[in-house]
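Presented below is the structure to which this report refers.
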Amino acid sequence: MTSPTYAQVVFNLPLPGAFTYRIPAALQDRVQVGMRVLAPFGPRKITGYVVALTDTCDASLKLKNLEDVPDTLPVISPELLALTRTVADRYHAGWGEVIKAALPAGLDDEEHELFSLSPQGEAALQTSNLPSAAQAVLHLVHKRKQLSRKQIRHALKKNYKSHTLATLKLEGHLHTETRLRKSSVPYKTEKIVRIAADAAPQDAVETLLARSPKQKELYDCLQNGELPLPELAKRFPKYSGPLRQLREKGLVETLSTQVSRFDGEALDLSAAAPDGPLKFTPDQEKVYATLNAALDAATFHTFLLQGVTGSGKTEIYIRCIQQALDAGRTAIMMVPEISLTPQTVFLFRRRFGENVAILHSGLSAVERYLEWEKIRQGEVPIAIGARSAVFAPLKHLGIVVIDEEHDGSYKQDSTPRYHARETAIARAQAAGAVVVLGSATPSMESRHKAMNGEYQYLTLPKRIGTRLMPTVHLVDMRKERDERKNYSIFSVEMKRAILERMDRGEQVFLFLNRRGTANYVVCRKCGFVFECPHCSVSLTFHSRSKILMCHYCNLTRVMPGHCVECGGEVIRFSGFGTQKLEEETRALFPAARIARLDRDTTRTRSAFEAMYRDMREGRIDILIGTQMITKGHDFPGVTLVGVVYADLSLHIPDFRSCERTFQLLTQVAGRAGRGTVPGRVVIQAHNPDHYVYDYVARHDYNGFFDKELALRQRLHYPPLTQLVTLAIEHPSEAQGEAYMQHLQSQLAPLIREAEGVELLGPARAALYRLQDQYRWHFIFRSRHDEALQALAHKAKQLDAIQKPPGSQFKLTLDVDPVNML
DNA sequence: AGCACGCCGACT
DNA sequence: GTCGGCGTGCTC
């Protein structure tokens, strides 16, 4: 039998097709479908993926040989090859791009040509009779000894010419050496600062630092124990000078340590009561019986499990996964990125021990690779992770659980723009697996499909045990201001409720849907709001550094003393972030022990765990936080949840802002009263008449769904239609506008031919200017998936889209967009 | 995407 | 006349 002579290879590039390569005799029996290969592609050599092996090929192609095969085993199975193909087609991405996304990061090799100076080049450098461009290259290479092409180009910026480099190489002035960089990224490390082991005795230090208060202060701080550099930077914004001097004096040392977050092993597994067989409520039993039957049948089936917070969804997931395992099959458990906390991991580790692999962005590339490898080798039958876990290389997949299925983070917002929920369903369909979508507040899409019978609908309407749903109180902040003349962040009711909890020794969550200090700076008199000149979003005031900052492009401005519009008038801060809320709360409740949880304060695992422990053990009275506090944590002592500015998320210009607000508020409310004391929720709003609050207050998901569905129906929005957006960015407004007109004229005839597809736009994006780019979008909308897909494909082929005028246009096609800003 | 080629205007 | 910028097209 002859082995195949050609390999079909795809690359991590936005190209539609595969490329054919000849397999040289030496590699003949080493190449298999699903392996990575190093292939010459134009002037470079890059990693590709073998998607097929053939004996024949198109004779018109001038073929090149494969360069190398780094794998002994395929990195991607036929099953996942097929899935990635489907995803690539659906989301208009390159097949190779999707394969790349399905593999752990840092797996690719890249070939580097390292340039160095030859003796002849040294001589030429002395005589300098070459063109100035060539001289510059020689100088650079002389100075830095060995450089890659990329480094040379980077150093020379606009002065780089590939031709100059090629000529120098040809003439023998430069030597090249090819190196293969195994790009397995090293462990994620963190710099730690501590007092040097062989530091001088205390009195010597005192005299040494007597005249350096800054250094002394830093040194004293470190005497309480070593600190990670980021932590130090927070306490001493200007640490670098003093630290350097301390190091030079030999008093402190810095070292790198490996950081490994979120693996859950730091939690003491033995401390937890080993849970016996799970005892189910009748509701849970009923749901489980249905899932049980589907798992037994081992055929594709999708369920939507709608269960209020605390209704015991997780126990059902666990038992279903166990059942799949017992039947010799494997499981994927997907959670939103933000929920993959040590506690979540702990829950599954406690139940399944070493049978769980965790795929998380908090892991270093090596750690993630090791977890992935465990799955691929079949050592571990359960994969837990965020979006990308949908591609976990498990065999015999039996069940996919998607917790918080409504969460927006399941849609990737960069290429390939796949939706992990839809992808999971596609995978399960091919594998004959069961899908369980779980949520207290299902997405409109999933709930609608359950209504139509596409998914089977299951509910857990009650909390477990005697725990009651929290009572929700809505406070009208306009009345508070106008009638009670209360200009504080806290309404009278909120204040009273907090004081009550403190008297009773119970805990409080204060929730704010923003971070930063003051959201914007506004002139009280003329209403002028300071905006980012590049992004048309309001600038955020940071009190610590007294600057205004754009959270999109990082622009910083000194806080102005006067309004620039009407001059010299009073400027006040309206709106605020968790930091400001913390200040106000401390001022108002001086006796309370207050902590803040957001990305600023709990970036490190130790900080997070310390907070978590303090909270569980009642050493914190009030916890202030953003969305982070709504997911994956269970604090039984919390009996009051306060939402400070509920309106914020309602005013986002997106047709889903209402749905998101409902989900968010319901989620936050669910944090209240998980212990034995019934919870209370106080929501402060400036426009409390909005219907969304009513449904939140009554815990009426179904009512909200009906209302919102009617609205979507009237406005022709998903889930009654499907959308594809074409987003365009350009630095020039005029050129962009002109191109929009042209595009519209090209798209119009396609739309006329297509059956039941509409075209909306061109419209300005909600964030019209972002990072010096003007942004527009077209929206294709249809009730018919096939027609919409067909149109999107046709539109993509359009000359006007394939070759926009000039190189500065950036076009993005997004199927089923989730974030439309 | 990333790279080279080729055309253009702006300088010596 | 050369240099450097930018647009265009190709990659088995």
Side-chain angles (χ1 to χ4, degrees), chain A residues 4-24 27 31 33 36-69 88 92-101 108-113 115 129-137 140 148-170 176 181 183 414-417 729-732 735 738-739 796-797 799-813:
Chain A
T5 35
Y6 306 108
Q8 304 294 324
V9 178
V10 295
F11 299 100
N12 177 23
L13 294 172
L15 301 170
F19 291 79
T20 310
Y21 286 87
R22 221 181 292 115
I23 305 171
L27 301 175
V31 185
V33 169
R36 294 173 302 160
V37 286
L38 194 67
F41 192 70
R44 56 206 171 121
K45 293 187 182 79
I46 54 176
T47 298
Y49 310 97
V50 178
V51 294
L53 294 171
T54 51
D55 290 314
T56 54
C57 77
D58 188 338
S60 66
L61 298 172
K62 25 187 204 324
L63 300 182
K64 289 183 182 173
N65 281 341
L66 286 181
E67 186 83 9
D68 197 12
V69 185
H92 304 271
W95 192 355
E97 291 179 294
V98 184
I99 295 174
K100 168 90 182 175
D108 283 3
D109 301 329
E110 235 173 286
E111 199 206 53
H112 283 261
E113 246 183 336
F115 291 83
N129 52 5
L130 290 170
S132 67
Q135 284 291 336
V137 173
L140 180 72
S148 69
R149 183 183 297 265
K150 240 185 190 158
Q151 286 173 308
I152 293 172
R153 197 179 38 199
H154 218 76
L156 296 177
K157 300 258 165 65
K158 312 262 167 162
N159 295 324
Y160 168 83
K161 280 213 153 185
S162 65
H163 180 71
T164 316
L165 211 56
T167 313
L168 283 168
K169 187 181 163 186
L170 197 73
T176 64
R181 183 174 57 98
S183 61
S414 58
T415 335
R417 301 175 171 269
E729 292 183 18
H730 196 273
S732 149
Q735 285 184 61
Y739 179 52
K796 211 185 159 208
Q797 300 312 314
D799 256 20
I801 286 178
Q802 293 276 308
K803 292 184 269 246
S807 57
Q808 302 199 73
F809 278 103
K810 205 188 138 216
L811 303 200
T812 320
L813 206 58

All side-chain contact (heavy atoms from CB on, under 4.5 Å) counterparts of K64(A), not counting sequence neighbours: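 side-chain contact (heavy atoms from CB on, under 4.5 Å) list for K64(A), sorted by chain: Y21(A), P40(A).
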From [atom1] of [X] over to [atom2] of [N], roughly how many Å is that when rounded to an integer?
| X | N | atom1 | atom2 | value |
| --- | --- | --- | --- | --- |
| N12(A) | dG2(B) | CG | P | 9 Å |
| L15(A) | dA1(B) | CG | C1' | 8 Å |
| H730(A) | dC6(C) | NE2 | C1' | 13 Å |
| K64(A) | dT11(C) | NZ | P | 9 Å |
| W95(A) | dC12(C) | CH2 | P | 19 Å |
| R44(A) | dT11(C) | CZ | P | 13 Å |
| I46(A) | dC12(C) | CD1 | C1' | 11 Å |
| F41(A) | dT11(C) | CZ | C1' | 4 Å |

Closest nucleotide among dA1(B), dT11(C), dA4(B) to the P14(A) side chain: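 Output: dA1(B).
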Flag side-chain contact, heavy atom, 4.5 Å: [X] against [Y]:
| X | Y | answer |
| --- | --- | --- |
| V33(A) | V51(A) | no |
| I46(A) | L13(A) | yes |
| T20(A) | L63(A) | yes |

Sugar-phosphate, base or nothing in reach of Y21(A), heavy atoms under 4.0 Å: sugar-phosphate
Sugar-phosphate only, base, or nothing, as touched by L63(A) at under 4.0 Å among non-hydrogen atoms: sugar-phosphate
Shortest non-hydrogen separation from P804(A) to F809(A) and the atoms involved: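 Here P804(A) and F809(A) meet closest at CB-CB, 3.7 Å.
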Side chain E67(A), main chain K45(A), donor-acceptor under 3.5 Å: no
Pairing residues for S414(A) by the side chain to side chain donor-acceptor pair (under 3.5 Å) criterion, not counting sequence neighbours: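 S414(A): no side chain to side chain donor-acceptor pair (under 3.5 Å) contacts found.
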Got a list of protein N/O to nucleotides 7-9 of chain C N/O distances below 3.5 Å?
residue: dG7(C); atom: OP2; partner: S807(A); partner atom: OG; Å: 2.9

